[in-house]
Amino acid sequence: MSDRQIARIEIKLFGAPRVRVTGAHVFDVTGPRNLALIALLSKSAGMTCSRATLVDMLWTDSTPDRGRANLRQLMHALRGTLGGSYQDLFAITRDTIALKPDVVEFTNTAADGIFLEGLDLRQEGFEDWLRDQRLEQPEPILNGQALRQESGVLPRIMVIPFAETGMNVAGGLGDALAHELTGQFARSQLIDAISHFSSQTAVKGLHIDLNCDFALTGQIRMTQDALVVDASLLELPTNRVLWSDRYKARLQDFLAGEDDLANRMAGQALRVIMSGAVGKTSSRPLPEVAAHTLMVSAVSLMHAFERNHFQRAHGQLLEVINRCPEHSVPRAWLAQWHLLRVFQKWSDDTAEDNRCAQDAIKNALDLNADCPLSLSIDGNIRTIFDADFKTAQHRFAAAHAINPSSAFSTQLSAVLATFLGQGQNAVDLTDRAFVLSPRDPRRPFFLTLAAGSYVAGGRYAEAVKMAETSLRHNPLHLSAHRCRVIGLQLAGREDDARKAARELVRLDPKLRVSTYQRDHPAAQTDVIKTWANALKDAGVPVN
């Protein structure tokens, strides 16, 4: 009998992940895809995954054939790295890959931090799985302190797997649609999405978890090669139907991920929820309105760029902070409110608004240093108010490490890239933000930021189109007007640029090219010099 020492594998899943192989030799397994593979196996039933599941998770954007080849190559490389330890740790068949449970040791728990903190693998399947795992994690500990939960500040929604009707054999389409919808809600940062796993286990027949504020459900059926979905949004616990609609999609497009069915449904549901929140806050005294309704209403109103609505948002945020003093989210949005007030030129005292924004975001991060929304807004404040681009980059990196699927954080990162003159990077980040949340109810606001990114990237015609689309919804948004003028001028459409400049000056009569360039956070960069010259050439007064 061999006296060879059997290898073991130590797995640290919470906080920064680490996988260490011990035995005759001790070494760490590195690389994001290797770590993701081992994490997936360790969290699966029997520590076993099918090859098809691993391919879908780790190479979502590849063809099935290419994904299988990539998986074979990954396992071959691991065999070369692990040597004789490979057979001690893995059990491989034609269809499955498994860790051998008797040689696995988990070295920490959820009390030690966020699940797989900082692991960045930009594959949609893995990101969805990672988000669900983190949503299931009970009160992780970060930097020695408990991460405060933000429940109660945002509304909670669960997506009930859609019933499959008219199908001889259940194909899992209703469950797949619910999973995709959950991901869309989770990316919005406007609502707390109950994980797909929790929604599956919480629903017993027609019983719904009454801790939620909303539920989205319905039925799905096939007609020839098309899917027909009947969806309903319920307000809980009354089960009142707020909205109901029918959607159609080609089956093959849905299965291939090429149809925006889930995007359309989630976007409409969020618009209904936000519109309802605004309606409730306009007709009832604030103390009679739920905190989460006030929160959603405030975010909606502050991005409408109508002065009266914008001011209402301020009072609602203060009411939420007064009721929920331990929550970071309303304080982060308050900081953003003050920033937008200055940028929109509605501030009577820009220095005071700057101070209030700084105080609010500091308080938010003091309450929860690992809130991705607070980190993102702090990054935006560092970009806009402080021109501290290095710190802003650190803030966005920290936010992305916690929630890599945030469209809001990604779009604000694009603003930073724009100011740094990184035109192509700004466009890439903007495009990713739209992929993450293509039908966000705040899309007009995002389009203005995107227009700036596209101008920096030299994509002038597309930038003008984005700015004009934004202005159809928010006609008073000064930043969108500036982007339109600059885009038109740089595109060589000088007559249109002059006409747009006259409209901009009418809305902002104190605008001067000299002060625009002097006060801009990126004043000394080539991109802002180019923009200032474009404004001057379009007819905006210089002094």
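The shown structure was predicted, so the numbers you read here are calculated from the model rather than taken from an experiment.
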Are the side chain of [X] and the backbone of [Y] linked by a donor-acceptor contact shorter than 3.5 Å?
X: Gln411; Y: Ala433; value: no
X: Glu180; Y: Leu261; value: no
X: His481; Y: Pro475; value: yes
X: Ser275; Y: Val272; value: no
X: Ser232; Y: Leu216; value: no
X: Gln316; Y: Met295; value: no
X: Gln123; Y: Thr60; value: yes
X: Asn363; Y: Asp359; value: yes
X: Thr350; Y: Ser347; value: no

**Message:** What verdict does the side-chain contact (heavy atoms from CB on, under 4.5 Å) test give for Gln393 and Leu420, after you've listed the backbone C-alpha separation in whole Å, the side-chain angles of each residue and the deciding distance to 0.1 Å?
**Reply:** CA-CA 11 Å; Gln393 286 177 314; Leu420 289 171; 3.7 Å; yes
From [X] [atom1] over to [Y] [atom2], what is the distance, rounded to the nearest 0.5 angstrom?
X: His477; Y: Phe343; atom1: NE2; atom2: CZ; answer: 7.5 Å
X: Phe185; Y: Met265; atom1: CZ; atom2: CE; answer: 8.0 Å
X: Leu294; Y: Arg312; atom1: CG; atom2: CZ; answer: 10.5 Å
X: Ile402; Y: Ile114; atom1: CD1; atom2: CD1; answer: 4.5 Å
X: Ser374; Y: Arg395; atom1: OG; atom2: CZ; answer: 11.0 Å
X: Arg271; Y: Ser300; atom1: CZ; atom2: OG; answer: 11.5 Å

**Asked** Hey, do the aromatic rings of Tyr516 and His520 have their centres closer than 6.0 Å?
**Response** yes
Please state whether the rings of [X] and [Y] are parallel, tilted or perpendicular, taking 30° and 60° as the class boundaries.
X: Trp243; Y: Tyr247; result: perpendicular
X: Phe408; Y: His303; result: perpendicular
X: Trp337; Y: Phe310; result: parallel

Kindly indicate whether the side chain of [X], heavy atoms from C-beta on, has any atom under 4.5 Å from the side chain of [Y].
X: Leu447; Y: Tyr454; value: no
X: Asp192; Y: His292; value: no
X: Ile191; Y: Arg156; value: no
X: Lys280; Y: Ser297; value: no
X: Leu340; Y: Trp346; value: no
X: Asn403; Y: Ser409; value: no
X: Phe445; Y: His473; value: no
X: Pro155; Y: Val296; value: yes

**Request:** Let me see the working for Glu319 and Arg323 under salt bridge (charged side-chain N to carboxylate O under 4.0 Å, His left out), right down to the final yes or no.
**Result:** CA-CA 6 Å; Glu319 176 70 15; Arg323 286 197 226 169; 3.0 Å; yes
**Prompt:** Do Arg331 and Ser328 meet the criterion of a side-chain donor-acceptor pair at a distance under 3.5 Å?
**Reply:** no
**Asked** Can a cation-pi geometry be assigned to Arg355 and Phe385, taking NZ or CZ under 6.0 Å from the six-membered ring centre and within 45° of the ring axis?
**Response**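 No, Arg355 does not sit over the ring of Phe385.
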**Message:** Quick check with a 6.0 Å cut-off and a 45 degree axis cone: is Arg382 positioned over the face of Phe419's six-membered ring?
**Reply:** no
Work out which heavy atom in [X] is nearest to a heavy atom in [Y]; give both atom names and the distance.
X: Val289; Y: Thr281; value: CG1-CG2, 4.0 Å
X: Asn474; Y: Pro444; value: ND2-CB, 3.6 Å
X: Ser453; Y: Val427; value: O-CG2, 3.6 Å
X: Asn322; Y: Pro325; value: O-CD, 3.8 Å
X: Gln489; Y: Ala534; value: CG-O, 3.5 Å
X: Ala215; Y: Ile160; value: CB-CD1, 4.3 Å

**Message:** Apply side-chain contact (heavy atoms from CB on, under 4.5 Å) to residues His327 and Asn368 and explain how you reach the verdict.
**Reply:** CA-CA 8 Å; His327 289 291; Asn368 185 352; over 6 Å; no
**Request:** Would you please test Gln268 and Leu233 for side-chain contact (heavy atoms from CB on, under 4.5 Å) and show each step?
**Result:** CA-CA 10 Å; Gln268 183 58 31; Leu233 177 68; over 6 Å; no
**Message:** Can you tell whether the side chains of Glu468 and Lys465 come within less than 4.0 Å, N to carboxylate O?
**Reply:** no
**Asked** What do you reckon, is CG of Asn308 surrounded by more than 12 foreign heavy atoms closer than 6.0 Å?
**Response**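 No - once you tally the heavy atoms of other residues, nucleotides and ligands closer than 6.0 Å, there are 12 at most.
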**Request:** Answer yes or no: does atom NZ of Lys345 have more than 12 heavy-atom neighbours from other residues, nucleotides or ligands under 6.0 Å?
**Result:**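 Enclosed: over 12 neighbouring heavy atoms sit under 6.0 Å from NZ of Lys345.
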**Asked** What's the verdict on side-chain contact (heavy atoms from CB on, under 4.5 Å) for Asp386 and Gln358, showing C-alpha distance, side-chain angles and the deciding distance?
**Response** CA-CA 10 Å; Asp386 302 337; Gln358 303 279 4; 3.0 Å; yes
